[in-house]
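Convention: sequence-line order gives letters A, B, ...; per-chain numbering from 1.
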Amino acid sequence: MKRVVSSIVFFASIVLVWYGLVRLGIWSSVLLPSPVSVGEYLYHETIDGVLPGAMWVTFRRLMVGYFIGLALGLPLGFLSAFFRVFQDTVGLIALGFQTLPSVCWIPLALLWFGQTESAMLFVVIMGSLGSVIIATETGVKNLPPIYVRAARTMGSKGIHTLLTVVLPASLPYLVSGMKQGWAFAWRSLMAAEIYVTILTGFGLGQLLHYGRELHAMEQVIGVMLVIVLLGLLVDKVLFSPWERSLHRRWGKAQ
Amino acid sequence: MTTSLQEELRNLPPQKLEVEGISKTFRTKRNRSVVRALEDVTVRVNEGEYVCLVGRSGCGKTTLLNLIAGLDRPDSGRILVEGTPIKGPGRDRMVMFQETALFPWLDVTGNVLYGLKLKPNLTPKDRREVARFYIEMVGLDEFEHASIHELSGGMQQRVALARALAPNPRILLMDEPFGALDALTREQLYGDIQEIWLKRRKTIVFVTHNVREAVCLGDRVLLFAPNPGHLVGEFKIDLPRPRDINSVELAEYSSTITRALKGYDPKEEVAE
Ligand SMILES: Nc1ncnc2c1ncn2[C@@H]1O[C@H](COP(=O)(O)OP(=O)(O)OP(=O)(O)O)[C@@H](O)[C@H]1O
Ligand SMILES: [Mg+2]
């Protein structure tokens, strides 16, 4: 409860300071709109359905891309944890991908796919794939060997061991990898939406882009707020509780 | 063909274990030097006998258990169960490991069921019954559905014991199962394990650092020394059961053995 109060007080005072600065009129209101006009923007665009629409478009792209990334990344991660050949090939590429900022995929995506949804998906997949592979590989490699040995004494082997021991034992790492993959997918998609202006759907990134084109600062700040809130929401509601309960159960105190 | 529940719950007779001239070396990861973990070790354990291995850290006790369990292969020598050489792990030999090897993603019942599920010819309902039978035997009936992390160290070792007993092995390999527990919990477990062993007679190979523990539990105590790991002596413990860890006779035995152990290795540090 105390933590909620301190958060509220903190953010309320930020808004107050912001409001005070606007009232002082040091900067032009084109550069620093008042919190009230940002609030009005958010309110009206929500009522009009523009913001929810953009959120839905973004969310759909994110989900599709992210799940394709997971579907490719988890098996590849397992393969490179188990087989030297994969570690020295796929694993290495994944490491390279992970260090490559996702915006760097955009020129290539545009040349290959043009201004299409596919370009968008491509960027999201490439942006998240590397970190999912690496996290999976690390997780599986760091498994205490004792679990597999114990399973073997009880008669488990091969695919049975993989499914009943390796997979559940590495779950905490897999979830961290999924969380990281999600963060990268989210970043990649925003970059893609800002640079790839297509007509098959307006996402949050595109709203941000047009806010800049139109010099609509309240739109820019409003959309940024929405993006931050969505990111926080997914982390706090989805990943953090899951991660915490896994870590507690698996006995890795945080 | 399914095995009936009654048949499954009947204790299978223990079997004879023979370790013949086993040697095992390891290469260290760092400088590829050779560690002679075991050299020419021969041990015979009769059916239903409780044998304790004592020796300082690094003398190859865990290595020997792993070899008997079939998890590793010896460089030379062979291991026979009831006269038949072992080929890899088998349900006839179950292990309680030095570290906690319980699966944290399963609850107590899930852990005990794991090995049972791999046993053919049992119905799912009978497997549950069997699991409950052993969980009750180790005194955890109220914790059937508890998560592993909710249990104390002593309770976790009880689960590990139930899990090892559940597939009805002939031989039980226990690697310092009580090493991480406090003295009081341990004393309680000494009583319980003797009681269980009287009910479910297994051939047991039990590793410990603690001479007193070995004397309390074993029919025989085998002494190991390191570099290379080898057998240096053995003591037969002629004390009636159940034994009390704090009894005077037991203390006499253990001081004799501790002295002998120190004689083999001046650096020996063992808890008496
Ligand atoms: N997988 C391995 N790779 C390299 N060396 C090993 C390996 N396993 C064991 N050793 C070495 O073999 C020797 C015997 O090890 P082992 O674990 O059997 O000893 P231990 O008697 O069980 O000791 P402790 O009482 O500490 O458990 C040690 O020197 C150890 O470093
Ligand atoms: Mg050991």
Side-chain angles (χ1 to χ4, degrees), chain A residues 74 77-78 81-82 84 87-88 135-179 238-254, chain B residues 62-63 65-72 86-107 110-120 122 127 131 146-153 156 159-160 162-169 171-175:
Chain A
L74 290 174
F78 273 102
F82 288 128
R84 256 296 149 67
Q87 189 194 339
D88 296 339
T136 309
E137 185 193 334
T138 324
V140 174
K141 276 213 184 125
N142 286 329
L143 281 192
I146 190 79
Y147 292 142
V148 171
R149 293 167 81 83
R152 279 177 61 204
T153 63
M154 290 184 277
S156 168
K157 46 181 168 266
I159 196 88
H160 183 269
T161 312
L162 183 74
L163 292 178
T164 61
V165 178
V166 177
L167 201 63
S170 52
L171 200 56
Y173 293 95
L174 298 190
V175 172
S176 306
M178 285 163 73
K179 181 174 160 179
L238 217 64
F239 286 108
S240 290
W242 196 15
E243 247 185 337
R244 225 174 309 131
S245 84
L246 282 179
H247 275 115
R248 204 183 44 227
R249 189 144 184 200
W250 266 232
K252 297 190 190 89
Q254 279 180 315
Chain B
T62 299
T63 306
L65 282 205
N66 283 338
L67 292 172
I68 299 173
L71 289 169
D72 290 323
I86 61 160
K87 305 186 210 70
R91 259 188 290 277
D92 53 337
R93 287 154 283 135
M94 292 301 295
V95 190
M96 260 178 95
F97 292 91
Q98 192 163 5
E99 319 101 285
T100 329
L102 293 172
F103 301 145
W105 57 92
L106 299 173
D107 64 4
N111 269 280
V112 178
L113 268 176
Y114 188 90
L116 288 168
K117 282 190 181 155
L118 285 155
K119 214 173 171 178
L122 278 171
R127 289 197 176 99
S147 299
I148 299 306
H149 78 270
E150 294 169 337
L151 304 177
S152 69
Q156 291 187 6
V159 180
R163 184 171 81 169
L165 289 173
N168 211 351
I171 295 171
L172 196 54
L173 307 167
M174 304 170 85
D175 196 355

* Hey, which residues of residues 162-169 of chain B are touching chain A, say heavy atoms under 4.5 Å apart? -> B/R163
* Asked: Is a side-chain donor or acceptor of B/R127 paired with a backbone partner of B/K119 at a separation under 3.5 angstrom?
  -> yes
* Between B/D72 and A/R149, does at least one N-O distance fall below 4.0 Å, as a salt bridge requires? -> yes
* Structure fact -> So, the part of B/L116 with a heavy atom under 4.5 Å from chain A: the answer is neither
* Residues which pass side-chain contact (heavy atoms from CB on, under 4.5 Å) with B/Q98, listed by chain and number, not counting sequence neighbours -> B/T62, B/D175, B/E176
* **Contact class of B/L173 relative to chain A, heavy atoms under 4.5 angstrom** => neither
* Asked: With sequence neighbours left out, what residues match A/H160 under ring-ring contact (aromatic ring centres under 6.0 Å, His included)?
  -> B/Y114
* **Reference residue A/Y147; test side-chain contact (heavy atoms from CB on, under 4.5 Å); the match among A/V165, A/T161, A/T164** => A/V165
* Sequence neighbours excluded, which residues qualify as side-chain contact (heavy atoms from CB on, under 4.5 Å) partners of B/S152? -> B/M155
* To do: List the atom of A/S170, the atom of A/F78, and the distance in Å for their closest heavy-atom pair.
  => OG-CZ, 4.3 Å
* Asked: For the candidates B/E99, B/R93, B/E150, which exhibits the highest count of non-hydrogen atom pairs separated by less than 4.5 Å from chain A?
  -> B/E99
